[in-house]
Amino acid sequence: MTRDFGKIEIEKDQIINFKGGLPGFEEYQEFVLLPFADDSPFIIMQSIVNPELAFITIEPRNLISDYEFEISDKKEKELKINSIEEILVLNIITLKNKIENITANLSAPIIINLKERLGSQIILDNHKLSVRYPIFAEAEQQSAQLEEVSE
């Protein structure tokens, strides 16, 4: 059972294990990734135990082109990462009442080893990466500027 899609069937090999859970949600360790819609950059990370626990996420390359960080050797071993091609990086989206206020947490990415089906959220010690990166503010600002020009 899911919050956003109702009842769905998943295969065991779709389950991603987060040993120790996510910060604040330690008791939930198994998730599945579900596309929000066919043409959407958003991915729902759904708990397979709690239908109400689902995170809207996005790949950071959809937001900024120069998103980089390092993973500790300990984390690489924990996630059994052998190559960068094996991983998927996601950022959690925080919904707000206005579209221009919706943000992404760039300072705590979710790292998933797709091959091993292992995941972890890491907290970066990089103050240049925002916890509340506005994902639509620029588009909203451009739209407002276009409206002003056309008037």
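Side chains are part of it too, since the values below use all heavy atoms of this structure and drop only hydrogens, waters and symmetry mates.
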For this session: Would you check, one step at a time, whether the test side-chain contact (heavy atoms from CB on, under 4.5 Å) holds for Leu79 with Ile71?
Result: CA-CA 10 Å; Leu79 295 175; Ile71 300 174; 5.6 Å; no

For this session: Report the distance from atom CZ of Phe42 to atom CG of Leu90, rounding to the nearest 0.5 Å.
Result: 12.0 Å

Exercise. Has the side chain of Gln121 got a donor or acceptor atom that lies under 3.5 Å from a matching backbone atom of Ala108?
Worked result: yes

Problem set entry | Pro109 vs Ile122 side-chain heavy atoms within contact, under 4.5 Å | yes

Exercise. If we only count heavy atoms from C-beta on, is the Leu33 to Ile112 side-chain gap below 4.5 Å?
Worked result: yes

For this session: Compare all side-chain heavy atoms of Leu95 with those of Ile93 and state whether any distance is below 4.5 angstrom.
Result: yes

Problem set entry | Side-chain donor or acceptor of Glu26 paired with backbone N/O of Gly24 under 3.5 Å | yes

Exercise. About how many Å separate CD1 of Ile111 and CD of Glu76, when rounded to the nearest 0.5 Å?
Worked result: 10.5 Å

Problem set entry | Polar side-chain atom of Asn91 near backbone of Asn105 as donor-acceptor pair, under 3.5 Å | yes

Problem set entry | Crowding at NZ, Lys80 (>12 non-hydrogen neighbours, <6.0 Å) | no

Seminar exercise, completed: CG of Leu22 to OG of Ser120, rounded to nearest 0.5 Å, is 8.0 Å

For this session: Tell me whether Met1 is reachable from Val49 by hopping between hydrophobic residues (I, L, V, M, F, W, Y) whose side-chain heavy atoms are closer than 4.5 Å.
Result: no

Exercise. Does Ile8 belong to the same Ile/Leu/Val/Met/Phe/Trp/Tyr cluster as Phe36, with side-chain heavy atoms less than 4.5 Å apart forming each link?
Worked result: yes

Exercise. How many angstroms lie between CG in Leu34 and CD1 in Ile10, if you round to the nearest 0.5 Å?
Worked result: 8.0 Å

Problem set entry | Cluster check Ile123, Val131: I/L/V/M/F/W/Y, side chain < 4.5 angstrom | no

Exercise. Taking all non-hydrogen atoms of both residues, which atom of Gln14 and which atom of Glu9 are closest, and how far apart?
Worked result: OE1-O, 4.4 Å

For this session: Give a yes or no on whether Ile84 atom CD1 has more than 12 heavy-atom contacts from other residues, nucleotides or ligands under 6.0 Å away.
Result: no

For this session: Please list, chain by chain and in numerical order, all residues satisfying ring-ring contact (aromatic ring centres under 6.0 Å, His included) with Tyr67, sequence neighbours excluded.
Result: Phe69

For this session: Look at atom CD of Glu70 and say whether more than 12 heavy atoms of other residues, nucleotides or ligands are closer to it than 6.0 Å.
Result: no

Exercise. Can you name the one residue among Leu63, Ile58, Thr57 that meets side chain to side chain contact (heavy atoms under 4.5 Å, CB included) with Pro41?
Worked result: Ile58

Exercise. Do the side chain of Gln46 and the main chain of Pro51 share a donor and acceptor less than 3.5 angstrom apart?
Worked result: yes

Problem set entry | Hydrophobic cluster membership, Leu114 vs Ile87, 4.5 Å side-chain cutoff | yes

Exercise. Do Ile110 and Phe55 have side-chain heavy atoms sitting under 4.5 Å apart?
Worked result: no

Problem set entry | Within one Ile-Leu-Val-Met-Phe-Trp-Tyr cluster: Ile15 and Phe31, side-chain cutoff 4.5 Å | yes

Exercise. Taking atom CD1 of Ile99 and atom CZ of Phe136, what is their separation to the nearest 0.5 Å?
Worked result: 4.5 Å

Exercise. Is there side-chain contact between Leu118 and Lys19, with at least one heavy-atom pair below 4.5 Å?
Worked result: yes

Exercise. For the atom pair CD1 (Ile16) and CZ (Arg117), what is the distance rounded to the nearest 0.5 Å?
Worked result: 4.5 Å

Exercise. How far apart are the closest heavy atoms of Ala54 and Ile44, and which atoms are they?
Worked result: CB-CG2, 3.8 Å

Seminar exercise, completed: Residue set satisfying ring-ring contact (aromatic ring centres under 6.0 Å, His included) with Phe5, at least two apart, ordered chain then number -> none

Problem set entry | Distance-minimising heavy-atom pair for Phe18 and Met45 | CZ-SD, 3.8 Å

For this session: Inspect the surroundings of CZ in Arg132 and state if more than 12 heavy atoms from other residues, nucleotides or ligands are less than 6.0 Å away.
Result: no

